[in-house]
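The structure presented is a predicted model; accordingly, all values stated were derived computationally and were not measured. Chain letters run A, B, ... following the sequence lines, proteins first, then strands; residues in each count from 1.
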Amino acid sequence: MLVSASNLFFSYGSRQVVEDVSLEVASGQIVAVLGSNGSGKSTLMKLVAGLLKPAKGTVKVENQTIVSMTRRQIAQAIAYVAQETKLQFPLSAIEFVLQGRFPHGKGLGFESDRDIEIAQMAMNLTDTIAFAHRELNTLSGGERQRVFLARAIAQEPKLLLLDEPTSNLDISHRVATFLLMKRLAEQKKIGIMLVTHEINLTAEFADHILLLKNGCTFISGSVEEVFKKHVLEEVFETKVLIDKNSATGAPRVTLDTRR
Amino acid sequence: MKPRTYLTPKSTVKILILLFSLLLFSFSIALLFGSEQLAASSLFLALFNKVFGRPTGLTIETETILFVVRLPRAFFAICAGASLSVAGASLQALLRNPLAEPYVLGVSSGAAVGAIISIIFAEKLSFSQPIGAFTGAVITVFVVYFLGQGKSGTSTERLILAGVITTSFLWAMIIFLLTISSNPKLRGIAFWLMGDLGSGISSILGYTMIACFVAIFVIYLLARMLNLLMVGEESAMSLGVSVEAIKIVLYLLASLLTGLTVAMVGSIGYIGLIVPHIIRMAWSSDHRLLIPAAACLGASLLLLADTVARTIVAPRELPVGAITALIGAPLFVYLLRKTI
């Protein structure tokens, strides 16, 4: 198993945020974490990324516990894309993407030609190469979000952790981003864990779904197991209709706004 | 908006050669101008002769002005300008705040209090003054850092406010200590609040320059990590930086640079704000350029500012801190409006 997290607990002060959650991601697999706001999705992701230390439970990366790994070793295996990064200094998109090469470099000196090639490739994949030399703060939220994803791809990780990677994107780039995830998983055998509210695209692309409610696992299973009317209605506390996407046959969720 | 590309070794070297030439130019200006003006030809001949141990060919008075007054003062300016600019650049990246600067944050004032206390209570110990200044700077950095942290993390305004409050408290302490003590080594209130390159004590110049150079060099070695830190701590951590350890090292080095500078020449403000800002605007935020470039540009600007301070109201002199504040404070307001 590429990454296995078992029985994780975490609290901010006295507020229990993640409670006894386990999850596994295999190479080439896309695992989606769904749940309402404040259900502990982002915290869970930070625990898996090794950015937070669980109060109880362990995270193992290729059978090595993450606490026994150096930051650099973790960074060589796991790339993490946060929801939003605010920049205070002028930095071009390509400079930002090149940061992804840090864990593979010497720590000193400059990026190699190969580093630059990899960064440009990542920017091609995320459709950001056109504004590679523009300052990050002058880009739109959606463009910036794709640049963040490009940095993670340039990091050449085994596991890619994405916290709401499509929240600012227009519909065509949402689809493109999910297609790209699929491609990275299939061709490069990257394991992907994403937190998202993109429920219908998740139904089409995810191999496994973890549904969180109040920090606990509500259900963990395949798309068919999770995408059931009573499950989604109970977790999200809203009415839904489920039928099939006529193009792909995947479950399709429609929000029922009648009260 | 002009396009920005990534930094290459070639462009870095080009910019650094340019800035180093500016430094040599400013250095010459600082030696040539003053109450008595020297001719450029005799200056270079004298420097050349001095290096090879030959008679300088100057009159005794001119020789004294050049080698006893202006040369040490120019070296103080280089050392202080480079140190404060690099300390400013490091603090800005660490705090992700383009307004962070040793003087604005009160770190310089903390160093001044430390230096004054060590002069009053431990005068006889060698190096007590720089050590006291360093200690004062470290304590202030951490106090301001914690005061600046609100419930929802560090905000720009809160940090600056913490700096302002800490500074006014420390200034009161400076004035109190200077009033109760009659130690002749204390060099007056203006020196500690505003900085004066003419008050540097030549006997400690050599050690201080070496220490500053080493500190700047170590920060330069950490330049790539600074690049990651300026984006965010979590982001840097996820890219393999041992953030907690590196942060402490960098805060200590920035405090060391500030402390050494204050012990030498008092609190000179805003140079650490102006210089990194110019380099980021003109070329790049990449610390592999920013750190050495800030050192060169900071040294040059302080040399020039001090030349102005010495000549503008001749035969009287302004403290150089007055000049840097006259330029720096408006820039600070401009940056404040831009960031918030």
Side-chain angles (χ1 to χ4, degrees), chain A residues 46 49-52 69-111 113 115-116 119-120 131-139 148 151-152 154-155 157 161 163, chain B residues 1-13 89 92-93 95-100 153 155-156 220-246 276-277 279-290 335 338-340:
Chain A
K46 283 182 192 175
L51 295 171
L52 292 175
M69 295 165 76
T70 63
R71 285 267 160 235
R72 191 177 159 83
Q73 285 171 329
I74 298 172
Q76 286 168 353
I78 303 177
Y80 165 74
V81 181
Q83 276 181 33
E84 172 67 311
T85 307
K86 222 175 118 205
L87 277 142
Q88 299 285 358
F89 302 102
L91 198 66
S92 69
I94 185 139
E95 283 180 288
F96 187 86
V97 176
L98 276 170
Q99 291 200 339
R101 300 305 300 157
F102 180 76
H104 301 284
K106 296 187 294 286
L108 278 174
F110 289 84
E111 288 84 2
D113 289 343
D115 288 333
I116 288 157
Q120 284 170 339
F131 38 84
H133 298 291
R134 268 183 53 199
E135 209 183 282
L136 220 48
N137 281 336
T138 67
L139 301 178
F148 297 161
R151 186 179 82 171
Q155 206 175 327
L161 303 177
D163 199 345
Chain B
M1 193 63 65
K2 89 184 165 100
R4 275 176 181 264
T5 188
Y6 49 87
L7 195 65
T8 60
K10 216 172 133 194
S11 59
T12 310
V13 169
Q92 284 150 24
L95 295 163
R96 280 164 298 285
N97 187 339
L99 298 172
S155 75
T156 306
Y220 173 70
L221 293 179
L222 301 174
R224 280 192 83 174
M225 301 195 188
L226 276 168
N227 286 346
L228 305 189
L229 277 167
M230 81 175 157
V231 171
E233 285 184 14
E234 207 171 60
S235 152
M237 215 184 263
S238 76
L239 287 167
V241 180
S242 310
V243 171
E244 298 308 324
I246 296 295
H277 180 70
I279 293 159
R280 280 195 208 99
M281 284 295 118
W283 296 293
S284 168
S285 306
D286 193 317
H287 291 78
R288 288 170 289 188
L289 171 72
L290 185 54
L335 285 176
K338 223 180 81 174
T339 13
I340 293 174

For A/L108 and B/L221, work out which heavy atoms get closest and say how close. CD2-O, 3.5 Å
Relative to chain A, which segment of B/L222 carries a heavy atom at a distance below 4.5 Å: side chain, backbone, both, or neither? neither
Applying a strict 4.5 Å limit to non-hydrogen atoms, the region of A/K86 in contact with chain B is backbone
Verdict with supporting geometry, A/Y80 and B/E234, side-chain contact (heavy atoms from CB on, under 4.5 Å): CA-CA 9 Å; A/Y80 165 74; B/E234 207 171 60; 3.7 Å; yes
Between B/A223 and chain A, with a heavy-atom cut-off of 4.5 Å, which part of the residue counts as in contact: side chain, backbone, both or neither? neither
Chain A contact via B/V241 - which portion, at a heavy-atom distance below 4.5 Å: both
Should B/Y6 and A/E111 count as side-chain neighbours, where that means a heavy-atom distance under 4.5 Å? no
Is the shortest side-chain heavy-atom distance between A/Q88 and B/M230 below 4.5 Å? no
Kindly confirm or rule out a cation-pi arrangement of B/R288 over A/F110, judged by NZ or CZ under 6.0 Å from the six-membered ring centre and within 45° of its axis? yes
Checking the side chain of B/S285 only, and the main-chain atoms of A/P90 only, is there a donor and an acceptor separated by less than 3.5 Å? yes
Which heavy atom of B/G240 sits nearest to which heavy atom of A/A75, and what is that distance? N-CB, 3.4 Å
Please flag which part of A/Q76 lies under 4.5 Å from any non-hydrogen atom of chain B: side chain, backbone, both or neither. neither
Shortest non-hydrogen contact from A/R151 toward B/S238: NH2-OG, 4.4 Å
Closest non-hydrogen contact found for A/E95 with B/D286 is OE2-CB, 4.1 Å
Chain B contact via A/I116 - which portion, at a heavy-atom distance below 4.5 Å: side chain
Shortest non-hydrogen pair, B/L239 vs A/F102, comes out as O-CD2, 3.3 Å
Measure A/F96 against the heavy atoms of chain B and call it side chain, backbone, both or neither at under 4.5 Å. side chain
Non-hydrogen atoms of chain A under 4.5 Å away: do they reach the side chain of B/T12, the backbone, both or neither? side chain
Closest approach of A/S92 and B/R4, non-hydrogen atoms and distance? CB-O, 3.1 Å
Contacting moiety of A/Q99, where chain B heavy atoms sit under 4.5 Å: both
Measure A/L87 against the heavy atoms of chain B and call it side chain, backbone, both or neither at under 4.5 Å. side chain
